[in-house]
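Here's the structure we're looking at; comments come further down.
Proteins come first, then strands; the chains are lettered A, B, ... in the order of their sequence lines, and each starts at number 1.
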There are 2 protein chains.
Amino acid sequence: MARIDLGQITRLSPATVTAITSDLLDQGLILSLESEEPKTPQARGRPRTLLKLNPDAAFIIGARLSVNNIDLSLVDFAGEVVRENRTKFDSAAADASSFPEILITAISNFLKEAGVQRGRVQEIGIAAQGVVETETGQVAWSPAFAGRKIPIVSPLQDAFGAQCYISNDTNMITEALHWSDPNRYSGTFAVIMLDYGVGMGLYLNNQLFSGASGTAAEFGHANHIPGGALCRCGKRGCLEAYLSDYALVRAATHLPEDTDPMTIRAGVRGLAQLLEKAASGDENALKAFHEAGRVLGYGVARVIAMIDPKRLVLTGAAMRAFSFMEKGMQDGLEEALVADLRNNFSLDVMPWNEDFIRSGLIAQSMERLDKDFLGAAERTAEDAPRRDNAEMPA
Amino acid sequence: MARIDLGQITRLSPATVTAITSDLLDQGLILSLESEEPKTPQARGRPRTLLKLNPDAAFIIGARLSVNNIDLSLVDFAGEVVRENRTKFDSAAADASSFPEILITAISNFLKEAGVQRGRVQEIGIAAQGVVETETGQVAWSPAFAGRKIPIVSPLQDAFGAQCYISNDTNMITEALHWSDPNRYSGTFAVIMLDYGVGMGLYLNNQLFSGASGTAAEFGHANHIPGGALCRCGKRGCLEAYLSDYALVRAATHLPEDTDPMTIRAGVRGLAQLLEKAASGDENALKAFHEAGRVLGYGVARVIAMIDPKRLVLTGAAMRAFSFMEKGMQDGLEEALVADLRNNFSLDVMPWNEDFIRSGLIAQSMERLDKDFLGAAERTAEDAPRRDNAEMPA
DNA sequence: GCTATTTTTTTTGGTGTCCGAAAAAAAGTT
DNA sequence: AACTTTTTTTCGGACACCAAAAAAAATAGC
């Protein structure tokens, strides 16, 4: 907060810190707290003048799209969540033509309530379940929508004139983990989320990896058993068809493997009921969890073989049942993967926390916001550039 | 070659190019070709003075370790291969205690023959089949060795005082592809090699990805069928157990799936025989290739789901049989992967070329050599550094 | 109350990298 | 021989950063 601390963190000299901070003060991006002394039991020496980010310098919006819900957060430049709300919509009727307008209206109303003008929003970050194409800025397919290929980024950019970015919800959890504990969650790690579906997030070489078109890490729809159980995506044998809530219910109630997932009443309640049964010793429930654990072990084995992460995090609502799956998972891992590859990695089981998705969205958007300002600063600096050198920014 | 061209390529001003090149000339890293005019039909204007890398500035060694063979290349600073040789050794007897000495002797003799002193070798790059731990610098397991955990990097570094780096051979093919055609092979792409085993190389976000411990992309030992065919690694159902040469021979000759791979005479000859049979219309051979193709399709599907590459390259000796596998592969891909994920990627089938591994090794080592010199230059520059700032190298 | 001490911040002068503009060099053209 | 063209070098300056010194603002001791 004080200049001297900034110097330590950035490893810049005090002289440079003074130069940079005075620039930022001029631009109004940071504020000096000379007036309100925080009455710290001051040691002697010249007191440090605290600096803080100017909360009003810019705003970002985070939007999480799930079945029937749009969850919005308004965050100021200092990273504080200023306002939140939840808007309901009808997932079963939402498609490429109707949803963009619904989302724009929801955000507009939200900003109006918050008393923030459109122009002050610099970044909009979106997280959605399902197959999200970050590159094209659309949702290829998601349980939250009836249609396919729902465009999100360009309608929002047109409507608000802000940078917009859409990503898979599990990617946002991955980003949130890195931000919450960079020491533990850095380098190369993977996050597997068992919830309404099965998702994976990859953090590779110190950055979030989302593949060439942005749909990377669709772990749930990687095949587990050729020609196996029917999956929500229409194919057979996907990992999700053995691991998700409907798959557990289907297995525990001895429904045939080709029972249409849409007809199975699963969801949070179905899973909770199954958990209760398992806790009270029900054979079918226990067996279903054990078998799902084994499948998970096989999935984890494939991730290790292909990605070789330092750490693997398991999370999602289904983690409440992990104790019933653990043994099965260990067995599956043992069966599927040669010992040479099974060393050198650690497994975290993380209790599920809804807020992770929001934190990740905010972290990601804040980072992009920083880049916006950095880019703007560079553009101001080069008044008459001889040429635009993309790499090597001096 | 001329300063003006360097300026265009690096996007530095002519003034800066002159400054830098005169430094490099002083250091002896580059040479000026003032004497031997290449008699280009000179346009008017001051003639360009050509510069070239000083071939004698440093040397690198590339070593490829395969079954019974050590293939060495000596490359000068200009990237020219100065000398090559092949040294035989007994893979069946090579283990952690014996092999390092064998390799050191082979390299020593090679250098002696070439008349290059040890001290002039700056980089040694090694490629090996199998599970290679880049981080620890050892081969965890490889068909080229009888034992496990063969240390390579530290013995070589001790013996030659040069930087040393070991990697999987498929990774080197991946690197070579990027170097040979950076336009086509950039960003995020995957290479699958079907040969003596099944390997994969990943190029993600414009860099070679080798995972946390360096064993990434062990595609061949990712599970395909739980409890399935016996693999060379000892587990059941690995992709390799359906796709590699021994697997093809095993399937075509109707041997049971748990036949020990070590007892199957496959290799180049076995594969060639099977190809002949298929070409002459043999049902069993055709069926074996078709089925292997299907398995490959499933494997490719898993890579697409998890990695989302822009491009996928198939190569390796077995590509001669691709025409017999193609239909099966398309079927497998169709069966395994939902259409939403199957778009947006292209498939290259690349005829196999042994030299790729060497080119990749050289490319990688040259790059590391550049970094060595860059680091050395920076260290010279900072005579009395106030602090060592790891990132932001000014 | 005054001086000394401590700590933070700012100022000053200097270094290194890069650039633009001008000058120099080395050819061909007329 | 004078002019044109192209490459290379030189020169002065902009910018980012730093070290050292100076200034500022507090406490501690007498």
Which protein N or O atoms sit under 3.5 Å from an N or O of nucleotides 5-9 of chain C?
{"from": "C:dT6", "atom 1": "O2", "to": "A:G45", "atom 2": "N", "distance (Å)": "3.2"}
{"from": "C:dT7", "atom 1": "O2", "to": "A:R46", "atom 2": "N", "distance (Å)": "2.5"}
{"from": "C:dT8", "atom 1": "OP1", "to": "A:R48", "atom 2": "NE", "distance (Å)": "3.4"}
{"from": "C:dT8", "atom 1": "OP1", "to": "A:R48", "atom 2": "NH2", "distance (Å)": "2.4"}
{"from": "C:dT8", "atom 1": "O4'", "to": "A:R46", "atom 2": "O", "distance (Å)": "3.1"}
{"from": "C:dT9", "atom 1": "OP1", "to": "A:T49", "atom 2": "N", "distance (Å)": "2.8"}
{"from": "C:dT9", "atom 1": "OP1", "to": "A:T49", "atom 2": "O", "distance (Å)": "3.4"}
{"from": "C:dT9", "atom 1": "OP1", "to": "A:T49", "atom 2": "OG1", "distance (Å)": "3.3"}
{"from": "C:dT9", "atom 1": "OP2", "to": "A:I4", "atom 2": "N", "distance (Å)": "2.9"}

Query raised in the report: Within the structure, does a side-chain N or O atom of A:T16 lie under 4.0 Å from either OP1 or OP2 of D:dA16?
Result: no
**Report entry** All side chain to side chain contact (heavy atoms under 4.5 Å, CB included) counterparts of A:A114, not counting sequence neighbours
**Finding:** A:L74, A:R83, A:V116
Query raised in the report: Rounded to whole angstrom units, what separation is found between the CG atom of B:D23 and the P atom of C:dG16?
Result: 12 Å
Requested in this report: Please identify each residue that fulfils side chain to side chain contact (heavy atoms under 4.5 Å, CB included) with A:V17, with sequence neighbours left out.
Outcome: A:R3, A:L6, A:L12, A:T21
**Report entry** Qualifying residues under ring-ring contact (aromatic ring centres under 6.0 Å, His included), relative to A:F356, sequence neighbours excluded
**Finding:** none
Report task. Using a cut-off of strictly less than 4.0 Å, decide whether A:S13 has a side-chain nitrogen or oxygen near OP1 or OP2 of D:dC17. Result -> no
Query - Non-neighbouring partners of B:F59 that pass ring-ring contact (aromatic ring centres under 6.0 Å, His included), sequence neighbours left out - result: none
Report summary line: Hits for salt bridge (Lys or Arg N to Asp or Glu O under 4.0 Å) against B:D370, two or more places apart or cross-chain, chain-then-number order -> none
Report task. To the nearest Å, give me how far apart CG (B:L25) and C1' (D:dT8) are. Result -> 13 Å
Query raised in the report: Do B:Y185 and B:H178 have ring centres separated by under 6.0 Å?
Result: no
